[in-house]
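Nothing here was measured: the structure is a model prediction, and the numbers come from that model. In what follows, every chain begins at residue 1, and chains take the letters A, B, ... in the order their sequences are listed.
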Amino acid sequence: MNEEKMLKVEKIRRGTVIDHIPVGRAFKVLKILRISTDPGVTVSVAIHVKSKKMGLKDVVKIEDRILDSSELNKIALIAEGGTITIVEDYSVIKKFVVKLPDIITGILKCSNARCVSNMESAIKPSFTLLSKNPLSIKCHYCEREMETDEIMDSIL
Amino acid sequence: MWLNRDIVSIGDFSVEEIMEVLDRANKMLPYASSGHPKKPLADKIVATLFYEPSTRTRLSFESAAMRLGARVLSLGSLEASSVAKGETLSDTIRIINSYSDAIVLRHPSEGAARLASEYADVPVINAGDGAGQHPTQTLLDMFTIWKELGQINGKSIGFVGDLKYGRTVHSLSKALSLFDVSLYFISPEELKIPKHIRRDIEKRIPVKETKNLDEVIESLDVLYVTRIQKERFPDIEEYKKVAGIYVIRPSLLSRGRKNLIVMHPLPRVDEIPAEIDNLPQAKYFKQASNGIPVRMAILDMILGSE
């Protein structure tokens with residue numbers, strides 16, 4: 001069965017499908033969406049799925065949950081280029097590719113403990129995107145450059 | 001373009017802007033010890049807000065402001081102020097903003113000056129934010145190289161000592177990499193320049209890393225020495241061994257180029273013995289005094305006398 005068919009077979013009634021996740025990152029997606037603490041949500045995870053575009057990829061399907069923009073931005077941090085499909089009543093109502101904005105605000109904190117953004121509650125941490133692949137961002141305040149692992153650990 | 005501009009990070013400057021500051025600092029040089037005869041900032045107030053002690057930097061800014069005729073408001077002891085009562089930096093800045101025409105800020109948190117610049121209507125000058133930026137230090141270092149060697153392009157600059165934690169080295173090497181220079185990083189394994197900084201610099205200019213100062217001394221136009229701090233080493237014997245290797249001796253300098261200069265952000269400890277002070281290569285005291293014309297230039301440019 002090819003991937004297209006498999007995904008069709010396992011259609012969900014309502015929810016979100018996150019496709020084209022870089023292989024090995026599906027569990028990170030679950031972690032940042034805090035899926036494990038929400039027993040009301042049914043989740044299917046497919047890892048090491050063959051993909052024409054990516055070689056191998058991961059796929060996550062979340063039933064009865066539509067992701068908000070802050071969650072989508074978080075996903076963009078770890079799965080730039082991933083495809084999001086929003087499903088209602090078994091039909092696709094929206095499909096788009098997640099993209100990292102040039103300025104990333106409000107979804108992660110600076111990994112530098114001495115950064116002023118970790119000291120003053122009034123300010124929103126903000127980061128400039130330096131490069132998508134490999135992922136690299138720079139804190140607007142302390143200018144610390146962060147790469148994938150540090151970014152993962154800093155997602156709010 | 002300069003009027004009311006915040007001076008937060010050397011990374012905000014282009015090559016042209018750096019050269020503009022150096023050029024203006026050069027024009028300020030004659031007035032750096034006697035004061036500007038026109039007192040161009042006579043109607044201005046400069047506030048110095050220092051959340052951690054750095055007497056020399058504070059005095060250097062205050063002297064520069066006074067040399068231009070400005071008046072200076074200095075934050076008294078922290079214990080007596082609202083800061084001690086737990087006021088946030090953003091609140092303090094909003095208040096001080098109405099008292100002065102520019103704020104010079106020193107703060108232990110990295111990024112504090114950027115934050116302050118967002119809350120102040122008046123320009124903010126970063127006088128050091130923790131291990132972060134200290135742009136006027138970088139500019140005075142560049143001014144010293146430019147002034148002593150006639151130009152920055154074409155020069156080879158060697159940094160020796162603690163290249164891992166030394167923020168002056170990080171900022172200066174990044175700023176120099178905008179020019180046509182070669183950089184040498186000379187340090188023990190434990191104190192190497194951070195990889196992300198080296199990677200960034202290498203995109204633009206050639207970089208050589210070595211443990212051996214002897215090996216590269218003949219290639220250098222500038223030897224920029226930094227202090228190796230004891231607290232970076234868990235073992236005191238290890239510290240002594242490492243620190244001892246990088247002590248600058250006259251015999252070493254005698255092997256260098258004719259116009260070699262030795263710089264140091266000061267304070268120094270043992271890495272440059274007093275016997276070096278009277279050699280023609282020693283420029284570190286001159287470098288420190290260059291803080292005045294450079295800070296005068298910055299204040300004059302952002303407070304807009306022209």
Side-chain angles (χ1 to χ4, degrees), chain A residues 22 24-25 28 69-70 73-74 76-80 100-156, chain B residues 6-13 49 51-52 82-83 86-95 105-120 124 126-135 138 165 167 170-175 193-203:
Chain A
R25 299 253 173 100
K28 283 186 171 132
S69 62
S70 147
N73 281 333
K74 288 179 188 175
L77 276 175
I78 58 173
E80 227 278 325
L100 266 179
D102 292 335
I103 305 287
I104 302 155
T105 307
I107 56 171
L108 75 163
K109 65 181 176 61
C110 181
S111 64
N112 176 6
R114 294 168 52 86
C115 175
V116 74
S117 68
N118 288 318
M119 313 264 177
E120 298 242 338
S121 53
I123 55 171
K124 261 194 187 164
S126 176
F127 302 86
T128 309
L129 180 65
L130 297 178
S131 119
K132 284 182 178 174
N133 197 11
L135 180 59
S136 167
I137 61 174
K138 185 165 97 170
C139 174
H140 169 67
Y141 290 99
C142 75
E143 303 185 1
R144 164 77 63 103
E145 289 178 18
M146 294 160 63
E147 290 175 4
T148 308
D149 288 345
E150 256 180 307
I151 293 169
M152 301 287 164
D153 292 339
S154 306
I155 295 175
L156 291 169
Chain B
D6 298 304
I7 308 295
V8 171
S9 166
I10 194 72
D12 300 340
F13 287 71
L49 190 54
Y51 282 74
E52 57 179 15
S82 305
V83 174
E87 186 173 66
T88 60
L89 175 62
S90 43
D91 280 3
T92 305
I93 293 294
R94 279 192 269 224
I95 308 297
L105 176 72
R106 172 96 167 196
H107 197 279
S109 300
E110 291 163 40
R114 183 75 67 194
L115 172 74
S117 73
E118 288 166 0
Y119 284 87
V124 171
N126 188 359
D129 54 353
Q133 284 284 331
H134 191 356
T138 308
Y165 300 98
R167 72 167 170 201
H170 301 168
S171 301
L172 179 58
S173 56
K174 274 191 166 187
I193 190 98
K195 276 206 189 78
H196 69 273
I197 293 180
R198 181 181 168 157
R199 263 204 310 268
D200 176 52
I201 289 172
E202 267 177 333
K203 287 178 204 156

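- To the nearest 0.5 Å, atom CG of residue D200(B) and atom NZ of residue K138(A) are 8.5 Å apart.
- For the pair P108(B) and R114(A), the tightest heavy-atom approach, listed with the atom from each and the gap, is O-NH2, 3.2 Å.
- The closest donor-acceptor contact from the side chain of E120(A) to the backbone of S90(B) lies under 3.5 Å.
- A donor-acceptor pair shorter than 3.5 Å cannot be found between the side chains of H170(B) and E143(A).
- From S9(B), atom OG reaches atom OH of Y141(A) across 14.5 Å, with rounding to the nearest 0.5 Å.
- Here the CD1-CD distance, from I197(B) to E145(A), works out to 8.0 Å after rounding to the nearest 0.5 Å.
- The two residues I123(A) and Y119(B) come nearest to each other via the heavy atoms CG2-OH, 3.7 Å.
- Side-chain atoms of D129(B) and V116(A), non-hydrogen and from C-beta on, never get closer than 4.5 Å to each other.
- Atoms NE2 and CE, from H196(B) and M146(A) in turn, are 12.0 Å apart once rounded to the nearest 0.5 Å.
- Each of G132(B), A112(B), A131(B), G111(B) has some count of heavy-atom pairs under 4.5 Å with chain A, and the biggest count is that of G111(B).
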Criterion side chain to side chain contact (heavy atoms under 4.5 Å, CB included) on H140(A) and E118(B), from CA distance to verdict: CA-CA 11 Å; H140(A) 169 67; E118(B) 288 166 0; 2.5 Å; yes
